[in-house]
Amino acid sequence: MDFRLTEEQQMLKDMVRKISVSEFAPRAAEIDEKEEFPWENNKILEDNGLLGVQIPEEYGGAGAGMVSLAIVIEEVARVCASTSVILTTQALATDPVLIGGNHEQKLKWLKPMAEGASLGACAITEPGAGSDVTSILTTATAKDGGYVINGNKIFITNGGVSDIITVVTYTDKAKGHRGISMFVVTKDTPGFSVGKEEKKMGIRGSDTRELIFEDCYVPEENLLGGPGEGFKILMKTFNYTRPGVAAQALGIAQGALDAVVDYCKERVQFGRALSEFQGLQWMMAEMALKIELGRTMIYRVCSTIDSEPDSKDIPHLASMAKWFASDSAMAVTTDAVQMLGGYGYSREYPVERMMRDAKITQIYEGTNQVQRIIIANSLFR
Ligand SMILES: Cc1cc2nc3c(=O)[nH]c(=O)nc-3n(C[C@H](O)[C@H](O)[C@H](O)COP(=O)(O)OP(=O)(O)OC[C@H]3O[C@@H](n4cnc5c(N)ncnc54)[C@H](O)[C@@H]3O)c2cc1C
């Protein structure tokens, strides 16, 4: 397989790098410090058509595919992980509509999200249901030609800033995962409210919320796919979104390596630049290896999604990319702090933020333990 970028992809990469360096990098530390959602950066993503890169043009996107989305996420995460979360979350919210929605639903909800006019969130997790989605308690009960949703979701990214939320519920608990259904709920729906904001270790510019559904009535046209199709839609969504989280991890790692290389060229100890010490050169070589391997795995799974979207290889390739790239990001950023010494630990330099930002990529959209389960299952299918 040839992973060279096409001319269009290279142009996209150059364009996003330029925006990231000039607009996002200077604000990254302040966004982290103030723990504020980066509305200005969101507007820049919207104005440049970056919130629906992989969505077909018919539904308001660029129709540029998953490799392109991975390129965009990497470039943004390289300088500001919090801003890159807007991209990964928009994909997590739009993909259930793209996968499970009919034409009318796509025009109504996918299009405004892909165009960037509406922000999206995807609500799966609950206090008692994280890795095991089937233990959710949220229910959707059929009533008057629609459904009444009741339940509490936690840790929902963009929960407090989104217009459109895709929600995972049970329509028939007795059927287990075959009784799970996904709905679209808009923020103005009576019975829907936003709860407390989570205070976090990293990606502190992203909005992480509790969402409450209390006798929240939605018409039948808000059901994605049929009743009981929610689990299938969700699993397919993850197959397409985990490579995005992997790209986010990759960007964070690349940003840390860039900072290390710059620092080691300048910093002098024992009369020599740090970059001349072989002990540190070998650490940098190892960082570069992890980053390049991760990038290769991400392009491999993304190009498979683009060329063969129903390939049976996608679930385990997506899990491998997410697991490897996120573990690499954690290792690379931790080493980056070490290599900058005391300055690495200081908030004057970006690597401590990158180390805190990297951690979440090992946890959300399936922890790396869950990715191991998926990969192991693929060996026996
Ligand atoms: C910042 C942030 C943003 C998030 N955004 C969203 C969002 O937008 N939407 C959403 O729905 N959720 C979101 N989440 C939730 C996230 O996806 C879950 O936290 C994650 O899936 C893990 O679930 P849990 O926290 O309940 O951990 P648990 O499932 O309780 O896991 C605890 C530990 O046990 C391990 N474990 C669990 N089961 C097994 C097993 N079978 N074998 C081995 N080990 C196992 C896990 O790997 C983990 O280490 C977010 C979380 C955070 C922190």
Side-chain angles (χ1 to χ4, degrees), residues 31-32 35 37-38 73 77 81-97 113 119-138 149 151-170 177 180 182-185 187 194-213 230-231 233-235 237-238 240-242 244-246 248-249 252 318-319 322-323 326-327 329-330 353 356-377:
I31 288 165
D32 174 67
E35 304 190 39
F37 184 79
I73 294 171
S82 285
T83 301
S84 77
V85 176
I86 302 173
L87 296 164
T88 50
T89 306
Q90 197 75 339
L92 186 63
T94 50
D95 278 0
V97 188
M113 287 195 280
L119 277 178
C122 182
I124 311 153
T125 307
E126 297 181 10
S131 302
D132 176 13
V133 176
T134 62
S135 57
I136 58 164
L137 295 178
T138 298
I149 301 175
N152 269 36
K153 299 288 181 181
I154 55 164
F155 288 135
I156 309 308
T157 305
N158 284 356
V161 296
S162 286
D163 312 287
I164 296 168
I165 301 106
T166 44
V167 188
V168 180
T169 70
Y170 266 117
H177 72 274
I180 288 178
M182 280 192 91
F183 290 88
V184 171
V185 175
K187 70 171 180 192
V194 175
K196 81 171 169 70
E197 186 178 359
E198 212 64 51
K199 293 282 171 199
K200 308 188 295 292
M201 170 196 286
I203 54 162
R204 294 182 357 168
S206 82
D207 178 85
T208 314
R209 295 283 184 158
E210 179 188 14
L211 299 182
I212 302 137
F213 302 84
F231 192 77
I233 295 170
L234 183 63
M235 291 306 117
T237 294
F238 281 144
Y240 294 172
T241 57
R242 282 175 181 147
V245 174
Q248 181 172 67
I252 296 170
S319 290
K322 196 255 180 197
W323 171 15
S326 59
D327 278 6
M330 203 62 243
R353 185 186 76 241
R356 288 185 285 105
D357 288 341
K359 185 64 203 171
I360 191 58
T361 62
Q362 296 178 306
I363 295 172
Y364 59 16
E365 298 207 21
T367 65
N368 284 359
Q369 285 70 37
V370 167
Q371 309 310 327
R372 284 166 171 84
I373 296 170
I374 294 165
I375 295 161
N377 285 343

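All ligand and atom numbering here is 1-based and tracks the order in the structure.
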Could you tell me the residue and atom name of the protein heavy atom closest to [atom], and the distance to it rounded to 0.1 Å?
atom: atom 43 (C) of ligand 1; answer: Gln369 CB, 4.0 Å
atom: atom 14 (N) of ligand 1; answer: Phe155 O, 3.3 Å
atom: atom 23 (O) of ligand 1; answer: Gly130 CA, 3.3 Å
atom: atom 27 (O) of ligand 1; answer: Ser131 OG, 4.3 Å
atom: atom 42 (N) of ligand 1; answer: Ile373 CD1, 4.0 Å
atom: atom 8 (O) of ligand 1; answer: Thr157 N, 3.0 Å
atom: atom 22 (C) of ligand 1; answer: Thr367 CG2, 3.8 Å

Please check: side-chain N/O of [X] versus main-chain N/O of [Y], any donor-acceptor pairing under 3.5 Å?
X: Asp207; Y: Phe37; value: no
X: Gln371; Y: Gly366; value: yes
X: Lys200; Y: Ser206; value: yes
X: Gln90; Y: Leu119; value: no
X: Lys322; Y: Thr361; value: yes
X: Tyr170; Y: Ser135; value: no
X: Arg242; Y: Ser319; value: no

Ligand 1-proximal atoms of [X], by part, heavy-atom distance under 4.0 Å:
X: Thr125; value: both
X: Glu365; value: backbone
X: Cys122; value: backbone
X: Ile360; value: side chain

Only one of [options] forms a side chain to side chain contact (heavy atoms under 4.5 Å, CB included) with [X], so which one is it?
X: Ser326; options: Glu365, Gln248, Gln362; answer: Gln362
X: Val85; options: Leu92, Ile360, Val245, Ile203; answer: Ile203
X: Val168; options: Thr138, Ile124, Ile233; answer: Ile124

Return a yes/no value: protein heavy atom under 4.0 Å from [atom]?
atom: atom 32 (C) of ligand 1; value: no
atom: atom 25 (O) of ligand 1; value: no
atom: atom 39 (C) of ligand 1; value: no
atom: atom 6 (C) of ligand 1; value: yes
atom: atom 52 (C) of ligand 1; value: yes

Heavy-atom nearest option to atom 19 (O) of ligand 1, drawn from Leu92, Ile363, Ile156
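That would be Ile363.
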>> At less than 4.0 angstrom from any non-hydrogen atom of Ile124, what atoms of ligand 1 do you find?
In response: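 The list of qualifying atoms is 10 (C), 11 (O).
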Pull out every atom of ligand 1 sitting under 4.0 Å from any heavy atom of Lys200, numbered as shown with elements.
->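 Counting atoms of ligand 1 from 1, those under 4.0 Å from Lys200 are 1 (C).
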Check: Atom CD1 in Ile373, atom OG1 in Thr367: separation rounded to 0.5 Å?
Finding: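 Ile373 atom CD1 to Thr367 atom OG1 measures 7.0 Å (nearest 0.5 Å).
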| query | What distance separates Tyr364 OH from Thr157 OG1, expressed to the nearest 0.5 Å? | reply |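 If I round to the nearest 0.5 Å, the distance is 6.5 Å.
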